[in-house]
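Heavy atoms only: backbone and side chains are in, while hydrogens, waters and symmetry mates are out. Sequence lines set the chain letters: A, B, ... in the order given, protein chains first and strands last, and positions in each chain run from 1.
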Amino acid sequence: MAGIQVSRGTRDILPTEVSYWQFIEATAREILGRAGASEIRTPIFEQTELFLRGIGEATDVVGKEMYSFNDRGDRGLTLRPEGTAGVVRSFIENSLYAQGDVQRLWYVGPMFRYERPQAGRQRQFHQLGLEVLGSGDPRADVEAIAIATDILKAIGLKDLTFDLNSIGDKDDRTQFRAALIAYLTPYKADLDPDSQDRLTRNPLRILDSKNKETQKILHDAPSILDHLSDSSKARFDRVQQLLADLSIPCQINSKLVRGLDYYSHTVFEIQSADLGAQATVCAGGRYDGLVTELGGPETAAIGWAMGLERLVILLQKLGNLAMASTVDFYLVSRGTAAEGQALRLVQQLRQAGFKAELDLSGSAFGKQFKRADRSSAKACLILGDAEAEKGTVQLKWLASGEQAELVQAELASHFQGWRDRLDGVS
RNA sequence: GCGGGCGUCGCCAAGUGGUUAAGGCAGCGGCUUGUGGUGCCGCCAUCCGGGGGUUCAAGUCCCCUCGCUCGCCCCA
């Protein structure tokens with residue numbers, strides 16, 4: 001039990017679990033590809049400055065959750081806590097905006113946040129995200145959302161709730177902020193401590209407080225939706241209408257605000273009731289100001305990210321993924337000459353497209369057959385001293401027990417027949 | 001960063017201060033030294049996350065520490 005263990009908040013993804021990951025990633029890759037999105041891979045660490053400016057210095061993520069360090073050259077670096085900032089940095093640095101009107105970029109990979117680990121929340125976790133850069137059209141919002149819901153649907157998730165809101169533009173929020181402060185200030189003493197603190201620092205965040213008392217007070221609070229400018233409101237209406245056209249059901253939640261500073265207008269969150277406190281499975285929104293904030297040309301943009309660990313948890317709960325990987329042929333051999341020939345045959349089978357496993361134990365035939373069973377192989381190829389000498393091999397189909405002796409040199413002539421038989425069996 | 005629960009073999013799990021730490025699954029070996037799936041037999045924790053302490057005596061009580069877990073916070 002002593003010895004070195006994984007770091008707190010990190011974990012291994014073992015072979016029994018990794019098939020879920022591969023399934024999710026393959027499904028997403030397929031759907032994103034069909035939508036004309038291109039994968040982009042950016043570094044795991046970036047200059048700390050990028051996140052300070054991109055995410056916002058006042059946010060908790062930047063304030064107390066980043067893995068920041070100085071390297072040997074005394075550069076201030078940070079393990080990326082999210083994916084958008086790096087993609088936008090790359091978009092600007094590589095002048096991707098010059099390559100056409102809209103860039104649809106997606107990414108997948110590990111992110112790092114120093115948080116207290118919890119179910120569905122780790123210090124190293126994985127996100128898959130999409131960024132659509134270069135369009136402020138409401139259709140871009142809905143297209144991005146539709147891609148996300150397509151992915152979630154394709155991997156088989158049900159019973160998800162989709163919350164939608166608009167937090168308007170900067171001016172809308174300035175107005176609303178004043179109204180909210182004016183409303184809440186008389187109740188200040190009754191708010192939970194965190195919310196009291198936020199009243200001046202970041203009053204919008206009070207809206208999604210889980211504190212019951214605070215929520216009661218918020219019941220009659222002004223709504224952001226009543227403080228949208230005409231154009232912001234029209235934009236939001238259009239988004240809702242387009243979603244309805246696509247039959248994507250959503251509920252308007254005027255208290256939905258996002259934790260990162262760069263969002264504007266459309267924000268949304270997709271949650272599952274089966275995840276406990278960390279219920280959000282996918283979240284995102286529009287961030288029209290971020291590209292200029294990071295030194296690029298004015299570029300409208302919308303994006304989202306999914307938490308892969310959470311998707312895997314949900315998928316495992318459904319338990320509907322039959323991941324049994326069966327073996328076609330299991331090679332049983334004993335004796336120096338036979339073992340050498342078996343190694344050659346197993347390679348020949350693999351190169352012909354069969355899934356073949358070679359028993360390396362060198363133990364008694366009985367033991368090797370037991371292992372063949374456990375591997376759920378369909379057939380055994382058996383080589384002992386007698387076969388090695390004659391240049392033959394025994395083929396035994398495990399389900400029926402039928403066995404035949406074949407000439408090694410003629411093995412390839414049986415391949416097509418075996419393929420047909422294996423296809424029939426499975 | 002704050003609060004609650006938990007931590008016994010690879011996995012599940014008994015064990016409520018008293019001699020040698022149940023059991024099941026898995027694994028390994030044998031019956032069966034060239035033929036499997038069943039069956040039977042045997043082997044698999046000098047040790048109870050780690051470190052201190054209390055006691056004649058601790059896996060069982062106390063303290064510290066590490067980790068997991070649930071919630072807060074935060075967020076994907």
Side-chain angles (χ1 to χ4, degrees), chain A residues 1-11 14 16 55 59-66 81-84 108-129 148 152 192-195 197-198 202 205 208-212 214 257-260 268-272 275-285 303-314 330 332-335 338 359 361-377 379-388 394-403:
Chain A
M1 259 317 162
I4 299 172
Q5 301 166 12
V6 287
S7 305
R8 183 164 160 84
T10 71
R11 54 190 215 95
L14 298 174
T16 47
I55 300 174
T59 62
D60 281 20
V61 169
V62 168
K64 52 187 196 192
E65 295 178 0
M66 294 211 299
E82 54 95 53
T84 301
V108 61
M111 309 292 162
F112 304 85
R113 256 122 87 160
Y114 189 87
E115 297 182 278
R116 183 87 177 257
Q118 209 171 305
R121 188 174 83 187
Q122 296 167 223
R123 290 181 174 179
Q124 175 178 340
F125 61 105
H126 297 77
Q127 285 188 342
L128 186 148
L152 295 171
D192 61 278
D194 282 322
S195 294
D197 186 43
R198 288 198 195 106
N202 195 354
R205 306 273 315 129
D208 61 6
S209 167
K210 284 182 190 164
N211 184 277
K212 282 198 182 71
T214 300
V257 290
R258 312 260 52 248
L260 311 184
F268 68 94
E269 208 166 292
I270 300 173
Q271 301 194 331
S272 164
L275 282 171
Q278 313 303 318
T280 302
V281 136
C282 174
W304 49 254
M306 297 180 178
L308 293 188
E309 277 80 4
R310 295 177 188 179
L311 296 182
V312 169
I313 290 170
L314 290 173
Y330 192 93
V332 165
S333 61
R334 203 153 154 70
D359 191 303
S361 67
S363 50
F365 279 98
K367 292 292 167 200
Q368 296 194 45
F369 274 99
K370 271 188 182 156
R371 274 189 276 275
D373 266 324
R374 262 180 253 130
S375 78
S376 70
C380 270
L381 283 183
I382 307 143
L383 277 147
D385 294 333
E387 289 80 8
Q394 303 282 343
L395 169 69
K396 178 171 184 174
W397 294 92
L398 287 172
S400 63
E402 66 178 293
Q403 186 167 328

Non-hydrogen atoms of A:L395 and A:A379 that approach each other most closely: CD1-CB, 4.0 Å

Atom OH of A:Y114 with >12 non-hydrogen neighbours under 6.0 angstrom: no

Please work out if A:V281 contacts a base, only the sugar-phosphate, or nothing of the nucleic acid, heavy-atom cut-off 4.0 Å. sugar-phosphate

For A:R123 and A:E115, work out which heavy atoms get closest and say how close. NE-O, 2.8 Å

Using a 4.0 Å heavy-atom cut-off, does A:G120 contact any base of the nucleic acid, only the sugar-phosphate backbone, or nothing at all? base

In this structure, how many angstroms lie between the C1' atom of B:rG29 and the CD atom of A:Q368, rounded? 16 Å

Can you tell me how far C1' of B:rG71 sits from CG of A:D194, to the nearest Å? 14 Å

Scan side-chain atoms only and decide if A:R310 and A:S272 contain a donor-acceptor pair under the 3.5 Å cut-off. no

Shortest side-chain distance from A:R116, nucleotide among B:rG3, B:rC28, B:rC75: B:rG3

Separation between the P atoms of B:rA58 and B:rC47, rounded to whole Å: 15 Å

Nucleotide paired to B:rG10 in any strand shown, Watson-Crick or G-U, under 3.5 Å: B:rC25

Residue-phosphate contact under 4.0 Å: A:K210 side-chain N/O, B:rG71 OP1/OP2: no

Using atom P in both nucleotides, what's the gap between B:rG30 and B:rA13 to the nearest angstrom? 32 Å

Walking RNA chain B from its 5' end, the first of A:L308 and A:R121 to be reached, judged by nearest nucleotide, is A:R121

Any strand, both distances under 3.5 Å, Watson-Crick or G-U wobble: B:rU16 pairs with none

Hunt down the Watson-Crick or G-U wobble partner of B:rU32, both distances under 3.5 Å, from any strand shown, or write none. none

Roughly how far apart, to the nearest Å, are B:rG52 and B:rU19 at atom P? 23 Å

Whole-Å distance separating the CG atom of A:L152 from the C1' atom of B:rA76: 12 Å

Go ahead and name the base partner of B:rA57; Watson-Crick or wobble counts if both distances stay under 3.5 Å, otherwise write none. none

Expressed in whole Å, how much space separates the C1' atoms belonging to B:rG7 and B:rU65? 13 Å

When the distance from CD of A:E115 to P of B:rC72 is rounded to whole Å, what number comes out? 13 Å

Mind checking what makes side-chain contact (heavy atoms from CB on, under 4.5 Å) contact with A:A377, not counting sequence neighbours? A:V327, A:Y330, A:S375, A:L398

For A:D60 and B:rC73, give me the distance from atom CG to atom C1', rounded to whole Å. 7 Å

Under 4.0 Å between any heavy atoms, over every strand shown, what does A:G9 touch: base, sugar-phosphate, or nothing? Just pick one. sugar-phosphate

Do A:Q124 and A:T10 pair up side chain to side chain, a donor and an acceptor below 3.5 Å, judged on atom types alone? no

Sticking with atom C1', work out how far B:rU20 lies from B:rC28, rounded to a whole angstrom. 24 Å

If we take the P atom in both B:rC64 and B:rG29, what is their distance in whole Å? 47 Å

Can a donor-acceptor pair be found between the side chains of A:E387 and A:Q394 at a distance below 3.5 Å? yes

Considering the options A:R334, A:R371, A:Q368, which one meets the side chain to side chain donor-acceptor pair (under 3.5 Å) requirement together with A:S363? A:R371

For A:M66 and B:rC75, what is the distance between atoms CE and P respectively, to the nearest whole Å? 14 Å

In whole angstrom, give the distance that lies between atom CZ of A:R123 and atom C1' of B:rA76. 17 Å

Test A:R113 against every option in A:M66, A:E82, A:K64 by the side-chain contact (heavy atoms from CB on, under 4.5 Å) rule and name the one that passes. A:E82

Return the value, rounded to whole Å, for the distance between atom CG of A:D192 and atom P of B:rC72. 12 Å

State whether a side-chain donor-acceptor pair under 3.5 Å links A:S361 with A:D359. yes

For atom C1', what is the distance between B:rA57 and B:rG50, given to the nearest Å? 23 Å

Give the nucleotide from the list B:rA76, B:rG67, B:rC73 with an atom nearest to the side chain of A:Q278. B:rC73

Minimum-distance nucleotide (side-chain atoms of A:Q118 versus B:rC68, B:rG71, B:rA76): B:rG71

Strictly by Watson-Crick or wobble contacts shorter than 3.5 Å, is anything paired with B:rC2, and which nucleotide is it? B:rG71

Please check the phosphate of B:rC28 (OP1 and OP2 only) for any side-chain N or O of A:R374 closer than 4.0 Å. yes

If you measure from the C1' atom in B:rC25 to the same atom in B:rC66, how many Å do you get, rounded? 29 Å

Per-nucleotide protein contact along nucleotides 30-39 of chain B, 5' to 3', at a 4.0 Å heavy-atom cut-off (B base, S sugar-phosphate only, - neither), is S--SBBBB--

Within the 4.0 Å heavy-atom criterion, would you say A:A119 contacts the bases, only the backbone, or no part of the nucleic acid? sugar-phosphate

